[in-house]
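Below is one structure, written out as structure tokens, with a few remarks after it.
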Amino acid sequence: GVNPKGEFEIGNEQQAIMVMNQGGQIEFLGAKIHARGVSVSGFSVRGIPQYVLVAQEVFTETQATGWNVNHHITCGGITMIGKYPQISLDDSKTKDLIYTKKFEIARKHTMIRITATVHFIDDWQGETAYLK
């Protein structure tokens, strides 16, 4: 219902558990929140802006949209970008070892968090992988 301040409120007789003010901001007052799915453009916890997912890559055997290479392998049911067996570092095609993609982030931001899963297949002897 609507509380005396004109805010939309969900709760029971004792207390509200969710309040949406007239500006559209939602405040959850419960100790725990459980949801099967949530889609938001941004949110804060105790006034601190939190990270928002702006891009996610899930590779299929036929698609690696926007990447400079289109090599795919599937191992243990996981499809990933890459080749196996890979060329050696001594090979003249070392450009095949560099994978790039440019992500456009339209929203204003001051920090970016990138997470990735890298699968090191077979025997690595001094080779490295890095993000720059």
Side-chain atoms of residues 17-36: list all donor-acceptor pairs with protein atoms under 3.5 Å, sequence neighbours left out, distances to 0.1 Å.
| from | atom 1 | to | atom 2 | distance (Å) |
| --- | --- | --- | --- | --- |
| Asn21 | OD1 | Gly23 | N | 2.8 |
| Asn21 | OD1 | Gly24 | N | 3.0 |
| Asn21 | OD1 | Gln25 | N | 3.0 |
| Asn21 | ND2 | Gln25 | OE1 | 3.3 |
| Gln22 | NE2 | Gly6 | O | 3.4 |

Check residues 108-121 and write down every donor-acceptor pair under 3.5 Å in which the side-chain atom is one partner and the other belongs to a residue at least two apart or another chain.
| from | atom 1 | to | atom 2 | distance (Å) |
| --- | --- | --- | --- | --- |
| His109 | ND1 | Arg107 | O | 3.0 |

What are the two closest heavy atoms between Lys101 and Gly66, and how far apart are they?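 Looking at all heavy atoms of both residues, the shortest contact is CG-O, 3.6 Å.
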Minimum heavy-atom separation for Thr100 and Asn68, please, with both atom names.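 Answer, listing the atom of Thr100 first, then Asn68: N-OD1, 2.7 Å.
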Using the rule that two of Ile, Leu, Val, Met, Phe, Trp, Tyr join whenever any of their side-chain heavy atoms come within less than 4.5 Å, decide whether Val54 and Leu131 are in one cluster.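 Both belong to a single hydrophobic cluster.
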Considering residues at least two apart in sequence or located in another chain, which fulfil the salt bridge (Lys or Arg N to Asp or Glu O under 4.0 Å) criterion with Lys102?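 Checked Lys102 against salt bridge (Lys or Arg N to Asp or Glu O under 4.0 Å); matches are Glu104.
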Inter-residue atom distance Ile105.CD1 - Phe103.CZ, 0.5 Å rounding: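 CZ of Phe103 is found 8.5 Å from CD1 of Ile105.
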